[in-house]
Amino acid sequence: MEADEFNAVADMTVAPSPHQTVPRPATLIRSRDNSEAPAEAFESDADLCHAVADDLQKQGRGNEAETYYRAALSLAPERPDSWANLGLAVLKDGRAEEAVQCEREALRLDPDNVEALNNLGIAMHALNALVEAENHFRAVLRLAPGHANATLNLGVIRQSLGHLDEAETLYRRARALGADEARVCNNLALALAELDRLEEAEIVCREALAASPGYPEAAVNLGMILLMRGKMREAWPCYEARWQVPPLLGQVRLPDEKRWTGTEPVAGKTILLLAEQGFGDTIQFCRYAPLVARLGAQVVLAVPATLRRLMGALDGVHRIVSQDDVLPVFDLHCPLMSLPMAFGTSEETAPSSVPYLEADPEAIERWETLLPSRGDDVRLRVGLVWAGARRTGQPHAAAIDRRRSMRFSDMAPLGAVPGCVFVSLQLGPPATQIAKAPFPVIDVSDRLSDFADTAALVGALDLVVTVDTAVAHLAGALGKPVWLLNRFDSCWRWRRDRDDSVWYPTMRLFRQTAPGNWTGVIQRVAAALPGFHVFS
């Protein structure tokens, strides 16, 4: 049960392999539509199909482009440029493995085809095969050192692997080589943000939007950079661009004409509030549901099934439904993470009253009887989470998952703190690391079926120590003391210049002083534990 935070978006650059022996595609399209294309204008029908496909590809009509590339290949199966561009078309349709096969066929026919090599690198990146992707981009640059797109794309890989200084250098070189200005600036801004150079990141991100107004990747990244800088009111409208980029792009959305933006009257109306992203996001922003109810609305909340029981005690909510259910009739709707914009939330007005979620008292009592009693030898019951979920289908998100996670062995210094009983709240594959635990830890994960169970266990603890996952949000929403082990390039919800949170008054942040340095974080936590006092 982990957070699935929406992350900043790095954007790769692609270009169809050029075919130099036919007229411009726009001319070919017009000729085809008018049925007046002179025979001498084309080398063959394969040329015409390929050029039409290129034009459709540039228009973003990938499915139609695929049809014409396949038609070209049926007439001339040995054309590497058609294979390379077909690979792009199927990649944009989400079929990365098929794209790899197309690019490999192009390279079989033309081993030095730099566009096919570049495309193959992009397909490998989509499969989260970062080392293979890097090898292909470097192969392009050996053949064509001034290849702007491959330079930019190599920067994306080096950034994903944590080599931020090198990524910055590559992005600046790609910009000088003439790569797409908006994409270069977007990616450079993201690298600067991860380097904790937020003021520079904001400037460069605005340059991306100046080069391409409305560019959604840059807009959502600007929103998150502004949130990191505490500029909430300005950030929320930018953050709305998240619907135009993965993973939200393509999701079924409810009618815009019924969207509540905060200005439409809601008194006496039924409003549907929808969870849209990860568990942690839902736990963090469900706090707005009671505020909507206080405006006189009848609130229906749609959440993932594993959160449904936990949300049952949320004040002011008329009905809780699962996202998998048929949605009830409603007058208005609003995604949960658009509610801060609807309420004009700033750092000064962020709703921070806790607890706004509650665990079942009887379930807490059952955990109390199962855990060691507090006494002379047991002063604190401390819950631990050391790793977030892995999102292998989103390469940049997967890189963040690696950075926000540690090994359980990294927590070894905590075992030397006297008077602490440690309880694992870790789920998923990282929980198996308990088998080689450097200190005793109680594992009851087999008894946790949903977040209501986890909430009850947290209710029986004194403190939760966790990396940035849904459990951090859960403990904060329950009003439980929670110490967040924060990566250097922390998520947009946590300010980097403070050790507390505007969202959760019981949260304390322990941020890395350098990328990847969990040792210092755990040493500070171990030093702070003896001074932690339980207040009832």
Side-chain angles (χ1 to χ4, degrees), residues 1-4 254 260 266 269-340 343 351-368 370 383 385 425 427 444-461 464 466 469-480 482 503-506:
M1 294 181 289
E2 309 293 351
D4 189 16
L254 297 178
W260 187 64
V266 294
K269 297 182 178 180
T270 297
I271 183 167
L272 177 65
L273 304 181
L274 296 107
E276 63 180 76
Q277 297 185 42
F279 301 135
D281 301 302
T282 302
I283 293 170
Q284 180 178 2
F285 291 102
C286 73
R287 71 182 70 208
Y288 282 88
L291 303 184
V292 178
R294 288 173 202 162
L295 298 176
Q298 189 173 72
V299 175
V300 178
L301 180 62
V303 299
T306 191
L307 286 171
R308 185 172 179 176
R309 199 157 60 98
L310 173 67
M311 297 288 166
L314 191 60
D315 185 48
V317 175
H318 173 71
R319 183 180 175 190
I320 308 284
V321 299
S322 170
Q323 288 174 317
D324 299 328
D325 295 340
V326 175
L327 295 178
V329 176
F330 58 89
D331 300 306
L332 297 166
H333 69 87
C334 187
L336 277 183
M337 300 184 73
S338 293
L339 288 170
F343 281 91
S352 58
S353 178
V354 296
Y356 56 87
L357 294 177
E358 297 179 3
D360 178 8
E362 293 183 1
I364 295 175
E365 185 62 31
R366 287 194 293 271
W367 282 115
E368 287 278 2
L370 290 171
V385 180
L425 298 171
L427 296 180
V444 291
S445 58
D446 59 336
R447 303 189 185 199
L448 303 177
S449 61
D450 67 3
F451 275 94
D453 290 336
T454 305
L457 176 54
V458 169
L461 303 174
V464 172
T466 175
T469 70
V471 173
H473 295 278
L474 177 62
L478 295 168
K480 181 66 61 175
V482 52
W503 299 104
Y504 301 109
T506 62

- [ ] First locate atom CG of D450, then atom OG1 of T306, and finally report the distance between them rounded to the nearest 0.5 Å.
- [x] 5.0 Å
Open item on the list: For a quick test of reading the model, state the closest non-hydrogen atom pair linking I364 to A456 and the distance between them.
Closed with: CG1-O, 3.6 Å
Open item on the list: Could you tell me if the side chain of V292 sits less than 4.5 Å from the side chain of L339, heavy atoms only?
Closed with: yes
Task: Test side-chain hydrogen bond (donor to acceptor under 3.5 Å, both in side chains) applied to E368 - qualifying residues, sequence neighbours left out - done: R381
Open item on the list: Would you say that I283 contacts F451 through its side chain, given a criterion of any heavy-atom pair below 4.5 Å between the two side chains?
Closed with: yes
Task: Side chain to side chain, L474 and L310, heavy atoms closer than 4.5 Å - done: yes
- [ ] Identify the two heavy atoms, one from G476 and one from V482, that lie closest to each other, and give their separation to 0.1 Å.
- [x] N-CG1, 4.1 Å
TODO: Could you grab the distance from atom CG of L357 to atom NZ of K480, nearest 0.5 Å is fine?
DONE: 14.0 Å
Open item on the list: Using side-chain heavy atoms (C-beta onward) and a distance below 4.5 Å, is V464 in contact with L425?
Closed with: yes
TODO: Could you check if a side-chain atom of L295 sits within less than 4.5 angstrom of a side-chain atom of I271, using non-hydrogen atoms only?
DONE: no
TODO: Check step by step if side chain to side chain contact (heavy atoms under 4.5 Å, CB included) holds for R447 and L370.
DONE: CA-CA 12 Å; R447 303 189 185 199; L370 290 171; 3.0 Å; yes
- [ ] Measure the acute angle between the ring planes of Y504 and Y356, then classify it against the limits of 30° and 60° as parallel, tilted or perpendicular.
- [x] parallel
- [ ] Identify the heavy atoms of L314 and C286 that sit nearest to each other, and give their distance.
- [x] CD2-O, 3.5 Å
Open item on the list: List the residues meeting ring-ring contact (aromatic ring centres under 6.0 Å, His included) with W367, not counting sequence neighbours, and say none if there are none.
Closed with: none
Task: Side chain to side chain, I320 and V303, heavy atoms closer than 4.5 Å - done: yes
Task: Nearest atoms (heavy-atom pairs only) where A275 meets T282 - done: CB-OG1, 3.3 Å
Task: Heavy-atom side-chain proximity of M311 to L301 below 4.5 angstrom - done: yes
TODO: Heavy atoms only: give me the nearest E276-Q323 pair and the separation to one decimal.
DONE: N-NE2, 4.3 Å
In a table with atom names and distances, give each donor-acceptor pair under 3.5 Å that connects a side chain of residues 326-334 to protein atoms at least two apart or in another chain.
unit_1, atom_1, unit_2, atom_2, d
D331, OD2, T270, N, 2.8
H333, NE2, P255, O, 2.8

Open item on the list: If I compare all heavy atoms of G479 with all of T506, which pair ends up nearest, and what's the gap?
Closed with: O-CG2, 3.5 Å
Task: R319 CZ to Q298 CD distance, which is reported to the nearest 0.5 Å - done: 9.5 Å
TODO: Give the C-alpha distance, both sets of side-chain angles, the deciding distance and a yes or no for side chain to side chain contact (heavy atoms under 4.5 Å, CB included) between W260 and K269.
DONE: CA-CA 11 Å; W260 187 64; K269 297 182 178 180; over 6 Å; no
Open item on the list: Can you tell me how far apart CG (L448) and CG (D453) are? Round to the nearest 0.5 Å.
Closed with: 6.0 Å
- [ ] Could you tell me the separation between the CZ atom of R287 and the OG atom of S353, rounded to the nearest 0.5 Å?
- [x] 9.5 Å
